[in-house]
Protein chains: 2
Amino acid sequence: MGSVSIKDVAARAGVSPGTVSNVLNRPEKVAASTRTRVERAISELGFVRHGSASSLRAGHSRTIGLSVIDIGNPFFTDVAAGVEDVASDRGYAVILGNSSGDRMKEQRNLLVFAEQRVRGVLITPSDEDQARLDRIKERGINVVFVDHPATRPDQCSVAVNDVTGGAMAVAHLIEGGAERVAYVTGPTSIRQCADRRQGAERALAAAGRDPASLVEVPMTAMTARAGQQAAEKLLAEGLPDAVFCANDLLALGVLRGLMHAGVRVPDDVALVGYDDIDFASASAVTLTSIRQPTHRLGQVATELLLDECDNPGSHAHQQIMFQPELIVRESTRN
Amino acid sequence: MGSVSIKDVAARAGVSPGTVSNVLNRPEKVAASTRTRVERAISELGFVRHGSASSLRAGHSRTIGLSVIDIGNPFFTDVAAGVEDVASDRGYAVILGNSSGDRMKEQRNLLVFAEQRVRGVLITPSDEDQARLDRIKERGINVVFVDHPATRPDQCSVAVNDVTGGAMAVAHLIEGGAERVAYVTGPTSIRQCADRRQGAERALAAAGRDPASLVEVPMTAMTARAGQQAAEKLLAEGLPDAVFCANDLLALGVLRGLMHAGVRVPDDVALVGYDDIDFASASAVTLTSIRQPTHRLGQVATELLLDECDNPGSHAHQQIMFQPELIVRESTRN
DNA sequence: ACAAATTATTAAAACGTATCAAGCCGCAAA
DNA sequence: TTTGCGGCTTGATACGTTTTAATAATTTGT
């Protein structure tokens, strides 16, 4: 009933199991006539290859592991969709792991990946602990960083330049006439937040301003709720001319907080977010934002990983850095 | 280097491979002293079980397949997070498949699942073709429907009552004094859209109104952009007192379209969405919406599936129907 | 027409684990 | 002492595939 094996197919087609395996894996090695005979037997019997047996013998599976920090974040969701795209195209299955920023959970995911003998791992590391990843690589499992630049040359990575992104945002605000600029951000321990601030300061310096004039408003979370609290803080401390947020969710919260207080955007205060999530263009005042090639990030990371797997000899490790893009909308048009 | 097997562990601990397998799978069957000895050998050698070999011999793997229609939709993302939660807790890996509503792609995902010999499949079917799923079940792979009620008693499913949800939304609008109610929806071939409309009509009837008085505004997509177009259509045809949208994305678009035209929400028009996505509470006018227990949906579906796998004898198939919840916010407070 | 070279196919040996019948050992009952 | 018994452990086998060396079939060159 359930399980029809390569032997059954061989018997039906009047060939040996080895030949069936050949039409599966190296069709060009087998004569056209026998190949069609085997293919017919396969479809008549509804045979599907037993992946476990295959990877046991072959020494590697056709799966890759994907470990992200928060699958609920639209950013990572888009990345995951990109990964799934090319993995699926090349016949690979994607095993999903959600670390929730918890390193124990991340560790457990990596163990599961190791048990499944995944061909490779795509990971947005939740911290800088390289040793753990080295242990994975010792097992012959390739690792590619996603949204995190690798510091070592023997390690592939894809990321987006957050410093440039921050600079673009603030340069745009200065160009629009802003004198006093605020930066609403998440925890400064997050690399992305720190890099974007650095970019903001660079833009100020480039315009001949004092980088220290940037009004920093640090929040513990990067949600819309936190953004609203940030707006209250800004209202209390005196409004700046422009606000740059480390995140679209924060920006949407700030927007709402300001509007509630009767502040008009962009007339009274200009506003820029980051990520260009779908909702940035759906809010009451559409949001100027920094777009990142999220989907592409996932695609390229996967291509890099599979290239490393398929051509271990000729593969050249790459640390790819994408450039972000400024999307101007109503929140800065005045 | 890479690969240390159960035999190496056995040699190190001075026992037979069979015993090592026992401490892995039935620890209670082996004497405490040898067990600790084996466990030490395992950690000293950094042994991790070869999942493929294990499932080849055991006849089933510790993976489940998850096939969703659109991983980019926050609704499915939340579901996936719930699935990952309990799967990870029980030591299962989740293989992700994104069908994009394309039945060929869904088919390919199911093939990948079959090759991996997943223990079971969680699927939000993109159409009503039961035959394809029957073929999966013939292979001994259990299937649970997610966000889709099963019509047959030999099939588990979890879903949320969309008729009730639609009724709640419109009853709330009527209670708020609405005379003329519009329903902005996606393609009517989508079950969820049809069910929610049915609920809306039921609420009208319950209030002594003519169900046919519901002004239906069908769109081809369920995005914010489509919502904005719907708002234009409503403005052209004469505004209703209230608008019920099949989707929060549509509702956010409608909100934006109305505000741009100077229509005030909720003073001039009341508005209700569906799904209660995070952004419903982050928009300029916060959105009244129908909340679904998305995360729980994924959790329960997975529990059902794993119960079916682990206790094939005693498992009772269930078709679970959750109830939605009305979340009242500014868009209907007047 | 015969050897050589090429192409197609086969048989058998792994891959790493789970399982199960059989064996071992020490101890209580006879 | 013998027998029986129960708890632990072992050894051998099978799971379904890939791979390699060897054999058979076919073509080519002379």
Side-chain angles (χ1 to χ4, degrees), chain A residues 1-39 41-42 45-63 91 114-119 139-140, chain B residues 1-39 41-42 45-63 91 114-119 139-141 310:
Chain A
M1 33 184 75
S3 175
V4 24
S5 84
I6 219 174
K7 279 185 195 170
D8 304 319
V9 175
R12 173 95 169 208
V15 297
S16 81
T19 300
V20 176
S21 175
N22 277 336
V23 355
L24 254 34
N25 301 303
R26 315 209 232 347
E28 75 283 357
K29 289 284 171 198
V30 40
S33 65
T34 48
R35 182 172 48 209
T36 59
R37 198 148 35 96
V38 169
E39 279 164 351
I42 286 180
L45 268 52
F47 164 82
V48 333
R49 189 232 280 338
H50 195 307
S52 297
S54 169
S55 34
L56 171 58
R57 176 60 233 239
H60 54 81
S61 73
R62 290 187 75 77
T63 58
E115 281 202 358
Q116 299 297 326
R117 296 295 195 274
V118 296
R119 197 71 190 279
R139 290 223 164 73
Chain B
M1 34 182 77
S3 177
V4 25
S5 86
I6 217 175
K7 280 184 192 169
D8 304 319
V9 174
R12 173 95 169 210
V15 297
S16 82
T19 300
V20 176
S21 175
N22 277 336
V23 355
L24 254 35
N25 301 304
R26 311 208 239 338
E28 74 283 358
K29 289 284 171 199
V30 40
S33 65
T34 49
R35 182 172 48 208
T36 59
R37 198 147 35 96
V38 169
E39 279 164 351
I42 286 181
L45 267 51
F47 165 81
V48 333
R49 187 223 307 284
H50 195 308
S52 297
S54 172
S55 36
L56 172 57
R57 175 61 233 237
H60 54 81
S61 74
R62 289 185 77 76
T63 58
E115 281 201 359
Q116 299 297 326
R117 294 297 195 274
V118 297
R119 197 72 191 280
R139 289 223 164 74
I141 299 178
D310 294 342

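Lettering of chains follows the sequences in order, A, B, ..., and the numbering in each one begins at 1.
For the pair B:Arg117 and A:His50, the minimum side-chain heavy-atom distance is below 4.5 Å.
With hydrogens and angles ignored, the 3.5 Å screen pairs no side-chain donor or acceptor of A:Ser55 with any backbone N or O of B:Ser52. Judged by distance alone, the side chain of B:Asn25 and the main-chain N or O of B:Ser21 form a donor-acceptor pair under 3.5 Å. Under a 3.5 Å cut-off, the side chain of B:Arg35 and the backbone N or O of B:Pro27 do form a donor-acceptor pair.
Across all non-hydrogen atoms, the minimal contact from A:Arg62 to A:Gly91 is NE-O, 3.6 Å. In terms of heavy atoms, B:Ser3 sits closest to B:Asp8 at O-OD2, 4.2 Å. Between B:Val4 and B:Leu45, the closest heavy-atom pair is CG1-O, 3.6 Å. Of all non-hydrogen atoms in B:Pro17 and B:Lys7, the two that sit nearest each other are CG-CG, 4.2 Å. Here the shortest heavy-atom pairing between A:Ser16 and A:Ala10 reads C-CB, 3.7 Å.
Here the C1' atom of nucleotide D:dG16 and the CD atom of B:Gln116 are 14 Å apart, to the nearest Å. Atoms CG (B:Asn25) and P (C:dT17) sit 11 Å apart, rounded to a whole Å. Atom-to-atom, CD of A:Glu115 to P of C:dG16 comes out at 15 Å; the value is rounded to the nearest Å. Taking atom CD of A:Glu28 as the reference point, atom P of C:dA8 lies 10 Å away to the nearest angstrom. The NE2-P distance, from A:His60 to D:dT17, rounds to 16 Å in whole Å. Counting to the nearest Å, the C1' atom of D:dG16 and the CG atom of A:Leu45 are 15 Å from each other. Rounded to whole Å, atom C1' of D:dG16 lies 11 Å from atom CZ of A:Arg49. Protein atom CG of A:Leu24 is 11 Å distant from nucleotide atom C1' of D:dT18, rounded to whole Å.
Within the nucleic acid shown, A:Ser21 comes within 4.0 Å of at least one base atom, counting heavy atoms only.
End-to-end axis angle of the helix from C:dA1-D:dT30 to C:dA30-D:dT1, from C1' rotation axes over five pairs per end: 40° (rounded to 10 degrees).
The shortest distance between the side-chain N/O atoms of A:Arg26 and the OP1/OP2 oxygens of D:dT19 is below 4.0 Å.
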Subject >> Protein-to-nucleotide contact annotation, 5' to 3' order, nucleotides 9-15 of chain C [B base; S sugar-phosphate only; - none; under 4.0 Å, heavy atom] >> reply: SB--BBB

